Amino acid sequence: MAEKERTRRCVVAVDGPSGSGKSTVSRRLATALDARYLDTGAMYRAVTWAVLRSGVDPQDAEAVTKVAGETDLKIGVDPEASSVTADGIAIDRDIRGPEVTGAVSAVSAVPAVREQLVALQREIIEAAGRIVVEGRDIGSVVAPDADLKVYLTASAEARAHRRSAENSADLSATAADIARRDRLDSTRAADPLRQAPDAVVLDTTALGIDEVVARLHELLAGRRPGQ
């Protein structure tokens with residue numbers, strides 16, 4: 001990669017529902033661009049973990065907000081070795097467990113929690129300069145001026161198969177959980193899952209990871225800052 005391209009500021013926003021391939025695609029794209037990588041979903045999962053550890057009801061918005069404000073959250077942005085800690089505890093594995101997965105949509109729906117985390121996400125983006133950010137509201141809320149906004153999608157069946165294989169979980173239960181999260185994430189009042197008007201939509205149902213990454217790299221290479 002040419003030095004000018006390697007050092008130029010660049011923000012790529014990758015949004016989409018569970019199982020659309022956001023995490024793997026974003027990590028690989030960040031590596032290809034010699035950029036940082038931010039998994040915003042891990043941040044909401046980390047707060048959810050802290051809420052559950054505190055014995056707080058995830059539906060209690062006031063208590064959840066208090067926990068979020070008191071938790072020292074740190075997230076690594078190396079695409080090859082991302083990490084998440086809460087109050088100094090490494091929780092990379094814990095935040096992917098069923099308890100956190102079952103409660104994260106409720107915690108993510110609390111407006112004050114989203115306000116806190118969006119502010120932190122913007123700080124990380126500003127400090128990184130070159131970064132691929134994945135989530136559900138990146139192009140529409142967190143980084144509306146991103147150089148490239150992408151909305152990844154896939155059939156419900158494909159997404160369930162991917163997530164089930166990833167977690168070695170029951171397919172029907174995984175499909176039901178994805179449908180539940182889709183419904184909650186797309187109907188919440190604060191920053192719902194949605195496609196930014198100027199985002200490029202890419203259906204990954206029949207595409208391999210390498211194909212998706214190559215397509216995004218082509219899209220980004222054909223753009224200039226501000227376009």
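It should be emphasised that the depicted structure is a prediction, and the values quoted were computed from it without experimental measurement.
Using a 3.5 Å distance cut-off with no hydrogens or angles, the side chains of R45 and T101 do pair a donor with an acceptor. Of the N and O atoms on the side chains of E80 and T31, at least one donor lies less than 3.5 Å from an acceptor on the other residue. Looking only at atom types and distance, the side chain of R136 has no donor-acceptor partner in the side chain of S108 under 3.5 Å away.
Of all non-hydrogen atoms in V56 and A63, the two that sit nearest each other are CG1-CB, 3.5 Å. For the residue pair R36 and A128, the shortest heavy atom distance occurs at CG-CB, 3.8 Å. For the residue pair G16 and K22, the shortest heavy atom distance occurs at O-NZ, 3.0 Å. Between L152 and T204, the shortest heavy-atom distance links the atoms CD2-CG2, 4.0 Å. The minimum heavy-atom distance linking C10 with L220 is given by the pair SG-CD2, 3.7 Å. Across every non-hydrogen atom of A196 and K149, the tightest pair is CB-CD, 4.0 Å.
A salt bridge is defined here as a Lys NZ or Arg NE, NH1 or NH2 lying under 4.0 Å from an Asp or Glu carboxylate O, and R215 with E211 fails to meet this definition.
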| task | Decide salt bridge (charged side-chain N to carboxylate O under 4.0 Å, His left out) for E126 and R122; before the verdict, give the C-alpha distance in whole Å, the side-chain angles of both, and the deciding distance to 0.1 Å. | result | CA-CA 6 Å; E126 182 62 28; R122 287 174 174 164; over 6 Å; no
| task | Decide yes or no on salt bridge (charged side-chain N to carboxylate O under 4.0 Å, His left out) for R96 and D39, but give the supporting numbers first. | result | CA-CA 13 Å; R96 305 298 174 182; D39 177 0; 2.9 Å; yes
| message | For a salt bridge (charged side-chain N to carboxylate O under 4.0 Å, His left out) check, start with the C-alpha distance between R9 and D147, then their side-chain angles and the critical distance, and finish with the verdict. | response | CA-CA 9 Å; R9 179 176 177 79; D147 296 272; over 6 Å; no
| field | Verdict with reasoning, D210 to R28, per salt bridge (charged side-chain N to carboxylate O under 4.0 Å, His left out) | value | CA-CA 9 Å; D210 289 341; R28 292 199 188 178; 2.7 Å; yes
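To the nearest 0.5 Å, atom CG of residue D87 and atom CG of residue D72 are 6.0 Å apart. Taken to the nearest 0.5 Å, the CD atom of E134 stands 8.0 Å off from the CG atom of L38. Atom OG of S82 and atom CG of D92 lie 6.5 Å apart (nearest 0.5 Å). For the atom pair CG (D60) and NZ (K66), the distance works out to 11.5 Å, reported to the nearest 0.5 Å.
For A103, the side-chain contact (heavy atoms from CB on, under 4.5 Å) criterion is met by T48, L52, P58, not counting sequence neighbours. Applying the side-chain contact (heavy atoms from CB on, under 4.5 Å) criterion to E157, with sequence neighbours excluded, gives S155, H161.
Looking at K74 and V84, their side chains never come closer than 4.5 Å, going by heavy atoms from C-beta outward.
Within a 6.0 Å radius of CD in E99, no more than 12 heavy atoms belonging to other residues, nucleotides or ligands are found.
I125 and Y37 fall into different hydrophobic clusters, defined by Ile, Leu, Val, Met, Phe, Trp and Tyr side-chain heavy atoms under 4.5 Å apart, directly or through other members.
For the side-chain contact (heavy atoms from CB on, under 4.5 Å) test with L202, the passing option among V212, V25, T153 is V212; the others fail.
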